[in-house]
Structure formats: C-alpha cells, structure tokens
Amino acid sequence: MRMSRLLLKTLREAPADADLPSHKLLIRAGLVSQLAAGLYSFTPLGWKVFRRLEAIIREEMDGAGAQEVHLPALHPIEVWEKSGRAAAMGETLFRLNDRKEHGFALGPTHEEVISDLAGRTIQSYRDLPVTLYQIQTKFRDEPRPRGGLIRLREFTMKDAYSFDTGWYTLDASYDLAFEAYVRIFQRAGVPVIPVAADSGAIGGKDSQEFIFLTPNGEDEILLCPSCGYAANAEKADFRRPPAVPGEPAPMERIATPGQKTIDDLVANLGVEARQTCKAVFFRADGKPVFVAIRGDLDVNEVKLKNTLKAKDLEAMDERMARAAGLVAGSASAVGLTGMTIVADSSAVEAVNLVAGANEDGFHYTNVNHGRDWKG
RNA sequence: CGGGGUGUAGCUCAGCCUGGUUAGAGCGCGCGCUUUGGGAGCGCGAGGCCCCCGGUUCGAAUCCGGGCACCCCGACCA
C-alpha cells in the first residue's frame, strides 16, 4: 500500500474527549475513531495493527495445542437463564427480542455457548483433554465505558476454555495457557507482571492476571521484592501494620460531639487511627452486614464478598442504615444485634480501641473484641 | 445511579456574563502561484441545524426551563 493511497488522517491536537495518553495517541495517530461511548471504529491502519496482534495470539495459542472455534455473538436468553448468569449479569447483559418476541442476548462472554458445544461433541474421556479458544466480539452494557479502548461496550476478546479429565490434567492445561500468554505479551512488547487474582464470577481455584503498570490503571497490585509474591489487591493477603499493644482496660463512654470520622477522633482524642475501630455497612444479597476494621485500614469489598459467599454486595444506603438502627459516625458492634457482624483480624487483635457508642455524639474507649463485642 | 464538567467549522478553541447588521481564529481541507536538499511559503476559497425542544423578547449562539449526548471521579465493572 502506498502511503499516498492510505486513508489516514492524523491530528495535531487530541479531541477534548480524550484524557488518557493511550487514548490521545490512538486518536491522534488516526488508528481509531469514536462512534459513541464505548464504541470505536478502526481505520485501515488501526485494523492492520489489530490483525497483527490477533495473528500473534493465534500463533501462540495454536502452538500450545489449542484449537480455534467461532461461536455466535447472539445467544438465546435460555442459555443464560439456565446457567443463572442472566440474573448475575443484570443490566450488563445486552438483551433484545427477535421478531417472534423471543428473548436473546448479545454475548458478554462465551462459557455458556462453549459448554453447549463441548457437551454435544465431547463424548468420551478419550476426547479429552481439549482446549478451545476464540477471538471474537463481545458486548457488555458497561455502567461506565471509559478511557478510549480501556473499557468498551463492544470489544474483541480472546477467550480459551480447556476441558480436562481431572484436576491434575487441568493444571497442565492451565500451565500451557499461562506460558502461551507470557509469550504473547513478550512478542507484543508489552511488559506485564503476572499476579494472583480473584477468580470473580467464573469461580475456581486459581486465577492470575497479567498486569501492565500504568498510572491510569483500574487495579492495585502488591509486589514483594524479596520473596516474589505478587497479587492483585483484591486477592492479596497481607500482614496488618502492628496494633498499639496494651492490656485490656475497662470500657468507658465519652462524649464526642460532632466527631463522626476517624480523622475527627484522631484530632480530638489524641489517639492514632490504628487505635480506633472503623464501622462500615454493606448490603449483601439484600441483607445488612456490619464490618468492623481497624481505623487505619479499609475494607476490601471483593474479599468481604468472598468471605460472605455473597452474590451481590454493595454499600448500604442511608435509609437502610437508619432502619437498621445504625448511627453513622458513631456506630460500632458493641451491643449491636440483628445483622451479620464481620470482624477483620485487625480489629480482633487490637486492644483498647475507640469505637462508636451507637448514639450520636458518643464513643466508647477501651473497646475489646470478645469482651465487648463479637463478630 | 450519585458528584463534577463540556456541547459553536473535520480538530483545538474565542464569542455568551453586559441579547442586536454577513458567527470568528489557528490547524486541517480544496484551488492557484511560487519553491523544491529537509515536517515549506504566499494568495484565494469551501465548510457551521451555534446539541435538541420549549419559553422570555421587536430580536436569542448569548437569558430562562426541560431533554439528550460526551468526558472525568465514585458506585459498578461476571
């Protein structure tokens, strides 16, 4: 192709809509063009780049013994209802009806469909193991598309699915895939760090993510330079900073007018944040949950969700909190009934914490887990 | 869904507060000339439902109300 014939329009200035460096460059280089939120067209040059990336992925997947398939993007809604993920996906699932008013969905991922295919074609253990993959368009009605190509409503995903005879062979398939991914990123020139991750809605034993470090990312990871431990913050277990040591003292009720946050308590009572007990309220599958954690730490919602084995977890709204008798700003597990109480190990191990008295303007000092509250 | 911001030429923006003749600039685009050993210069030109609907007014890009779209933060992100 002659450059003179190439349809390519570069821009000196990035559109005001572009914020991230990657987004600005993609647009200015003329590789992509936005149609609507989360929907992008690829120009001839952009598409060339896209296809070269696909080629790398195909070569490495094929090299690892995986077989490519092509699956429908349009799914009868039944397969999603049968798996229970129609409800789980909620509004993220793009739904539509055909002319006979039959329900369909645009596939956000393809576990349901590949399971159908595998169930029909794999008839004996002699057919195993087999790894299938696809590079196809997926659709998700994202709550907030953003960052250029970072989070889209229509996007291309490479998805691979292995079918094995047991845990041992599954691990072998997993390792093959892992190595293929490492090579793909190497060849693409993208420096990534594999980290342990939460397996999310798919479930399962192990999960890893390949993280590309950037100031504009969506996740946080923890790395240990000496032992090599690497994990997504959603997954990572870590040692809490030490608590202030001491012997349990008698609990006392004190007036703390207008003091509603950990910072307020620190400023007015002369204690450290790690000597307070933070109260956070959630709604897990519709039921109220109270979480107690040391004041200098924050609740990790993914871990909480996994601990509760909850399908759905969200912050409790004010109305529900009031109805449950919680006093925002002065809440604690002391004397609290009527809901699940979850205690982070930090709050269990710490001694003589400052916690809410469940009455506006009052707190308790010297609160101790086990003696004064449970959870 | 909550908070914030923006919507005027293909792109970046000015004009709007203090309503009033043909709505502007730079870049890009077209044509012509010139130049041609360095992302060129000069001239001419095309291009705008001023996001949409309604209201106020003799008169609205400009004021008021409603809506839509897009971006950012959060929620969420299977």
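A quick note: this is a predicted structure, and the numbers were derived from the prediction, not measured. Every chain is numbered from 1, with letters handed out A, B, ... down the list of sequences.
- In this structure, C17(B) makes no Watson-Crick or G-U wobble pair, since no nucleotide meets both defining distances under 3.5 angstrom.
- Under the 4.5 Å side-chain criterion, counting only non-hydrogen atoms from C-beta, E359(A) is not in contact with S330(A).
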Restricting both atoms to N or O, compile the protein contacts to nucleotides 47-51 of chain B shorter than 3.5 Å, with distance only.
none

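- Listed by first and then second residue, the side chain to side chain donor-acceptor pair (under 3.5 Å) pairs that reach into residues 17-35 of chain A are H23(A)-Y40(A), sequence neighbours excluded.
- For the C1' atom pair drawn from G15(B) and U35(B), the interatomic distance equals 38 Å after rounding to whole Å.
- Judged by Watson-Crick or G-U wobble contacts below 3.5 Å, the nucleotide C42(B) has G32(B) as its partner.
- Nucleotide U56(B) forms a pair with no other nucleotide shown, judged by Watson-Crick or G-U wobble geometry with both contacts under 3.5 Å.
- Judged as a ring pair (Phe, Tyr, Trp, His ring centres under 6.0 Å), and not counting sequence neighbours, the contacts of F42(A) are F50(A).
- Of the residues near RNA chain B, G147(A) and E142(A), the one whose nearest nucleotide (by heavy atom distance) lies more toward the 5' end is G147(A).
- If you check every strand for non-hydrogen atoms under 4.0 Å, I150(A) touches nothing.
- Here Y133(A) pairs with nothing under the ring pair (Phe, Tyr, Trp, His ring centres under 6.0 Å) rule; sequence neighbours left out.
- Counting non-hydrogen atoms of other residues, nucleotides and ligands closer than 6.0 Å to CZ of R187(A) gives a total above 12.
- C50(B) is unpaired under the Watson-Crick or G-U wobble criterion, no partner having all donor-acceptor distances under 3.5 Å.
- Listed by first and then second residue, the side chain to side chain donor-acceptor pair (under 3.5 Å) pairs that reach into residues 256-272 of chain A are T256(A)-H363(A), K260(A)-D360(A), T261(A)-D264(A), E272(A)-R274(A), sequence neighbours excluded.
- Nucleic acid contact class of R140(A) (heavy atoms, under 4.0 Å, all strands): sugar-phosphate only.
- Residue contacts for Q34(A): at a heavy-atom cut-off of 4.0 Å it reaches the sugar-phosphate backbone alone, with no base atom in range.
- Pairs passing the side chain to side chain donor-acceptor pair (under 3.5 Å) check and including a residue from residues 225-234 of chain A, sequence neighbours excluded, read E209(A)-N232(A).
- The pairing partner recorded for A75(B) is none, the criterion being a Watson-Crick or G-U wobble arrangement whose two distances lie under 3.5 angstrom.
- Heavy-atom nearest nucleotides on RNA chain B were determined for A37(A) and for R151(A), and the one closer to the 5' end corresponds to A37(A).
- Using a 4.0 Å heavy-atom cutoff across all strands shown, G148(A) reaches no nucleic acid atom at all.
- Considering only residues two or more places apart in sequence or on other chains, F185(A) meets the ring pair (Phe, Tyr, Trp, His ring centres under 6.0 Å) condition with F210(A).
- Applying the ring pair (Phe, Tyr, Trp, His ring centres under 6.0 Å) test to F94(A) and every residue at least two apart in sequence or in another chain returns nothing.
- Residue contacts for E234(A): at a heavy-atom cut-off of 4.0 Å it reaches no nucleic acid atom on any strand shown.
- Nucleotide C68(B): paired with G7(B) (Watson-Crick or G-U wobble, both distances less than 3.5 Å).
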Pairs: protein N or O with nucleotides 10-12 of chain B N or O, under 3.5 Å:
residue : atom : partner : partner atom : Å
C11(B)  : O2'  : E13(A)  : O            : 3.0
U12(B)  : OP1  : A16(A)  : N            : 2.5
U12(B)  : O2'  : E13(A)  : OE1          : 2.8

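- Here the side chain of R144(A) is nearest to one of A75(B), C77(B), C70(B), namely A75(B).
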